[in-house]
Amino acid sequence: MPTRKKIGLIGAGNIGGELARLVANKELGDVVLFDIAAKENFAKGKALDLEQNGAVLGYDSHIKGSSNWDDLKGADVLIITAGVPRKPGQSRDDLVAINLPIIRDVASNAKRVCPDAFVIVISNPLDAMVYEYKRVVGAPKEKVVGMAGVLDSARLQLFLAREAGVSVKDVRTTVLGGHGDDMVPVLGSCTINGVPVGQLIAKEKLAAIVDRTRKGGGEIVGLMGTSAYYAPATSAVAMAEAYLLDQKRLLPSAVYLDGEYGYKDIFMGVPVIIGGKGVEKIVQIELTADEKVMLEKSAKSVQSVIDVVKKAS
Ligand code: LMR
């Protein structure tokens, strides 16, 4: 008999709540909104509010707040936002010491209750946290991804659309590398319905847009005093949906590289195809010499945080 999918959301904060709302609204499955014991009632309250929301909107997903890992047994998808978001003045990398033990705890519990789940990590510093998650669980590389590229590409897409005076729907973008200020917006692959962006937007404007994209998360932290959550949640749900519905979507995602793009034993953003088997293919695109240099710089930044994580083993 067919059963509903189970989607575990680890962390019931701003992103967790928005993730639950989107997953339920799309009826991708039933949701377990998990948080630590001290925040159990908060998770339960949010879950109840979202279930009541379903009565108005007409969705039937069950949403359960919990601090009991056993409720995550057999989850099909886990989206991990556990940890602390940054504050103004902090970089994502500044969160490594505080978020590392949290990710390790999440990974060891997930290994016990849902080792076969497709896992999307959002916690920062993203590339190092998803690396550590995979290491602790020992999960196959197809089943563990980090959400960053979809979000960074969306930011680039918006800024290009506004500058060109066109709909966001017609802009296609790719951002590679680590989820930090060295990320690599690949302008050569960015088009407005097939027209290279360089033909419609002046060079200096493009340079300013690249810079704004790289600092896109920090811009919001500076304004709100905490991290973004609407666009990050929507980006992760697009990835979860691609897996659950076997959509074969080509989405930039942080994945484990084993020689692709010349990198090994590192998580970094590259274009991948996500379908029912998880990461079904890593797509290798031609990069210019300049883009290769930028990717190398970004990889070095990611590696330096992964090295901190490895030393803390
Ligand atoms: C983002 O890019 O919005 C997230 O990584 C959160 C942050 O603090 O930047």
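When a ligand or atom number is given, it counts from 1 through the structure's own listing order.
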### Query
Strictly under 4.0 Å, does any heavy atom of Leu151 approach an atom of ligand 1?
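Distance cut 4.0 Å: Leu151 passes for ligand 1.
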Residues [X] and [Y] bridged, charged N to O under 4.0 Å:
| X | Y | result |
| --- | --- | --- |
| Asp211 | Lys215 | yes |
| Asp94 | Arg92 | no |
| Arg214 | Asp181 | no |
| Lys6 | Asp76 | no |

### Query
side-chain hydrogen bond (donor to acceptor under 3.5 Å, both in side chains) between Tyr230 and Asn14: does it pass, once the steps are laid out?
CA-CA 8 Å; Tyr230 293 116; Asn14 286 339; over 6 Å; no
### Task
Identify whether NZ of Lys or CZ of Arg in Lys134 sits under 6.0 Å from the centre of the six-membered ring of Phe267 and within 45° of that ring's axis.
no
Quick check on contacts: which atoms of ligand 1 are under 4.0 angstrom from a heavy atom of [X]?
| X | answer |
| --- | --- |
| Gly217 | 1 (C), 2 (O), 3 (O), 9 (O) |
| Ala228 | 3 (O) |
| Asn124 | 4 (C), 5 (O), 6 (C), 7 (C) |
| Val221 | 8 (O) |

So which protein heavy atom does [atom] come closest to, and at what separation?
| atom | value |
| --- | --- |
| atom 9 (O) of ligand 1 | Arg86 NH2, 2.7 Å |
| atom 5 (O) of ligand 1 | His179 NE2, 2.7 Å |
| atom 3 (O) of ligand 1 | Arg155 NH2, 2.7 Å |

Under a 4.0 Å heavy-atom limit, does [X] contact ligand 1 with its side chain, its backbone, both, or neither?
| X | answer |
| --- | --- |
| Ile220 | neither |
| Leu126 | neither |
| Met183 | neither |

### Nearest atoms (heavy-atom pairs only) where Ala47 meets Gly65
CB-N, 3.4 Å
### Task
Output, in order, the C-alpha distance, side-chain angles, deciding distance and verdict of side-chain hydrogen bond (donor to acceptor under 3.5 Å, both in side chains) for Ser301 and Asp182.
CA-CA 8 Å; Ser301 301; Asp182 296 322; 2.6 Å; yes
### Query
Is there any N or O on Ser227 that sits under 3.5 Å from an N or O of ligand 1?
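Yes, there is a polar N/O contact under 3.5 Å.
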